[in-house]
Protein chains: 2
Amino acid sequence: MFEGQDTAAIYVARWADAVATPAAGPCPVRDVLDKIGDKWSMLLVMTLAAGPRRFNQLHREVPDISQKMLTQTLRDLQRDGLVARQVFDTKPPSVEYRLTDLGQSLIVPIGTLIEWANKSIPRIEASRTHFDQVS
Amino acid sequence: MFEGQDTAAIYVARWADAVATPAAGPCPVRDVLDKIGDKWSMLLVMTLAAGPRRFNQLHREVPDISQKMLTQTLRDLQRDGLVARQVFDTKPPSVEYRLTDLGQSLIVPIGTLIEWANKSIPRIEASRTHFDQVS
DNA sequence: CTGAATCCGGTCCGATACTG
DNA sequence: CAGTATCGGACCGGATTCAG
């Protein structure tokens, strides 16, 4: 029916198991998914995937992020253990951010998703155009 | 350094290429990523991955979604061509939603991400606890 | 250079009530 | 059964200003 059907079936089964549990407290999967969709998190992760960066360096490479959101997003990523923050006691001070091992392990799953996105964009946009014309 | 390093390197390179383009208009990758993080989209996709569902059936299987958001999210998914909507002209009327081929092709990338989330949750929560205690 | 603090508009989304 | 319409709070995130 579609490529990767068997693999998909496995994921569907696992998903069914996961949500079948009473899930004491908020669902951890949703929690992670929220961060993925967060406006800047994944953008920064992929930027840091190319190597460690300083604060303003990140600000230059992701021009349309505000200082506030850059600080906040980096702090959240650090809190989740995806990014490590190292302060150099120089003058003026400089701070370097780098992916942790956990953060690096996220590159492949995100990459899979980005690859899907790039491949599917034409069909999605075509579908949108058609949908909007009908309605 | 970490498992999947070679694969990761490929994704990093591709990502660099993707963002290097001037990106006329809004970045399509961000556009898709936004939908992933959308509060309900992926939850519905994974629920529909198990098979077609009627409206109220979905409402029962995802209890904490409001009628409004269920309608709205399904319409957005339909607009993007991920979900097909079929109306049966019965009394009372019934409407069935199912994943399109495009929607099905999303199961594997999402599944990869969910698998990462499940595997990484313990480390993430440990990191959060540690971070909160320090600060 | 690397932030923190504040203000504020826009958007998301839940609750509720109504319709064919 | 399968929606639509409206209201209102909460939160996200941008712009600006101040600080170590």
Side-chain angles (χ1 to χ4, degrees), chain A residues 26-27 30-45 47-48 51-80 83-98 131-132 134-135, chain B residues 26-27 30-45 47-48 51-80 83-98 131-132 134-135:
Chain A
C27 175
R30 285 198 212 180
D31 187 63
V32 172
L33 249 39
D34 279 354
K35 306 199 81 65
I36 307 301
D38 177 284
K39 192 170 183 183
W40 302 111
S41 294
M42 294 308 103
L43 210 54
L44 290 180
V45 167
T47 303
L48 286 173
R53 292 287 189 284
R54 297 222 323 276
F55 186 86
N56 274 3
Q57 209 173 350
L58 280 170
H59 206 349
R60 279 190 297 275
E61 293 192 32
V62 187
D64 50 348
I65 191 174
S66 67
Q67 226 169 25
K68 174 188 174 181
M69 292 316 295
L70 181 54
T71 304
Q72 192 175 108
T73 305
L74 284 171
R75 185 156 27 78
D76 288 345
L77 289 173
Q78 186 194 354
R79 179 169 182 268
D80 287 352
V83 160
R85 179 177 183 270
Q86 184 176 7
V87 182
F88 294 96
D89 218 8
T90 58
K91 255 204 307 205
S94 80
V95 180
E96 190 179 89
Y97 294 90
R98 70 175 69 235
F131 184 92
D132 293 345
V134 172
S135 62
Chain B
C27 175
R30 286 198 210 180
D31 186 62
V32 172
L33 249 38
D34 279 353
K35 306 200 81 62
I36 306 300
D38 176 286
K39 192 169 183 184
W40 301 111
S41 293
M42 293 308 104
L43 209 54
L44 290 181
V45 167
T47 303
L48 286 173
R53 292 286 189 279
R54 297 221 321 277
F55 186 85
N56 274 2
Q57 207 174 351
L58 280 171
H59 206 349
R60 279 190 297 274
E61 293 191 32
V62 187
D64 48 349
I65 191 175
S66 67
Q67 219 170 28
K68 175 186 174 183
M69 291 317 295
L70 180 55
T71 303
Q72 192 176 106
T73 305
L74 283 171
R75 185 156 29 78
D76 288 346
L77 289 173
Q78 186 193 354
R79 179 170 182 267
D80 287 351
V83 160
R85 179 177 182 272
Q86 185 177 5
V87 182
F88 295 95
D89 218 7
T90 58
K91 252 202 310 203
S94 81
V95 180
E96 190 180 88
Y97 294 91
R98 68 177 68 234
F131 184 92
D132 293 343
V134 171
S135 62

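Throughout, protein chains are lettered first and strands after them, A, B, ... in sequence-line order, and every chain is numbered starting at 1. Quick caveat, the model's predicted, so the values are computed rather than measured.
- The nearest heavy atom of DNA chain C to A/E96 and to B/D38 marks one nucleotide each, and the one closer to the 5' end goes with A/E96.
- Checked by distance alone, A/K39 brings no side-chain donor or acceptor within 3.5 Å of a matching partner on the base of D/dG13.
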Dump the intermediate steps for side chain to side chain contact (heavy atoms under 4.5 Å, CB included) on B/F88 and B/V95, then the final yes or no.
CA-CA 6 Å; B/F88 295 95; B/V95 180; over 6 Å; no
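- Closest approach to the A/R85 side chain among C/dC13, C/dG3, D/dA2 is made by C/dG3 (side chain taken as heavy atoms from C-beta onward).
- Contacts of A/K91 with the nucleic acid, taken as non-hydrogen atoms under 4.0 Å apart, are absent.
- The listed nucleotides are D/dG3, C/dA15, C/dA5; the one nearest the side chain of B/T71 is D/dG3.
- Distance CG (B/D89) to C1' (D/dA2): 13 Å, rounded to an integer number of Å.
- Closest to the side chain of A/N56, from the set C/dT2, D/dA2, C/dC13, is C/dT2.
- Partner of A/V83 under the side chain to side chain contact (heavy atoms under 4.5 Å, CB included) criterion, chosen from A/D76, A/T73, A/L44, A/L77: A/L77.
- Remark on DNA chain D: of its neighbouring residues A/G37 and B/P92, the 5'-side contact belongs to B/P92, judged by nearest-heavy-atom nucleotide.
- The pair B/D132-A/R79 meets the salt-bridge criterion, since a charged nitrogen lies less than 4.0 angstrom from a carboxylate oxygen.
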Any chance you could lay out the side chain to side chain contact (heavy atoms under 4.5 Å, CB included) test for B/M69 and B/K39, step after step, and finish with the verdict?
CA-CA 9 Å; B/M69 291 317 295; B/K39 192 169 183 184; over 6 Å; no
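- With D/dC1, C/dC1, C/dC13 as the candidates, the nucleotide lying closest to the side chain of B/P93 is D/dC1.
- For the pair A/K68 NZ and C/dT6 P, the computed distance is 12 Å after rounding to whole Å.
- B/Y97 comes within contact range of the sugar-phosphate backbone alone, with a heavy-atom separation under 4.0 Å but no base atom that close.
- Residue A/Q67 is classed as a base contact, given a heavy-atom separation below 4.0 Å to a base.
- Going from atom CE of B/M69 over to atom P of D/dG9 covers 19 Å, rounded to whole Å.
- Atom CG of B/D76 is separated from atom P of D/dG3 by 14 Å (rounded to the nearest Å).
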Go through the steps for B/R85 and B/Y97 under the test side-chain hydrogen bond (donor to acceptor under 3.5 Å, both in side chains), then give the verdict.
CA-CA 5 Å; B/R85 179 177 182 272; B/Y97 294 91; 3.3 Å; yes
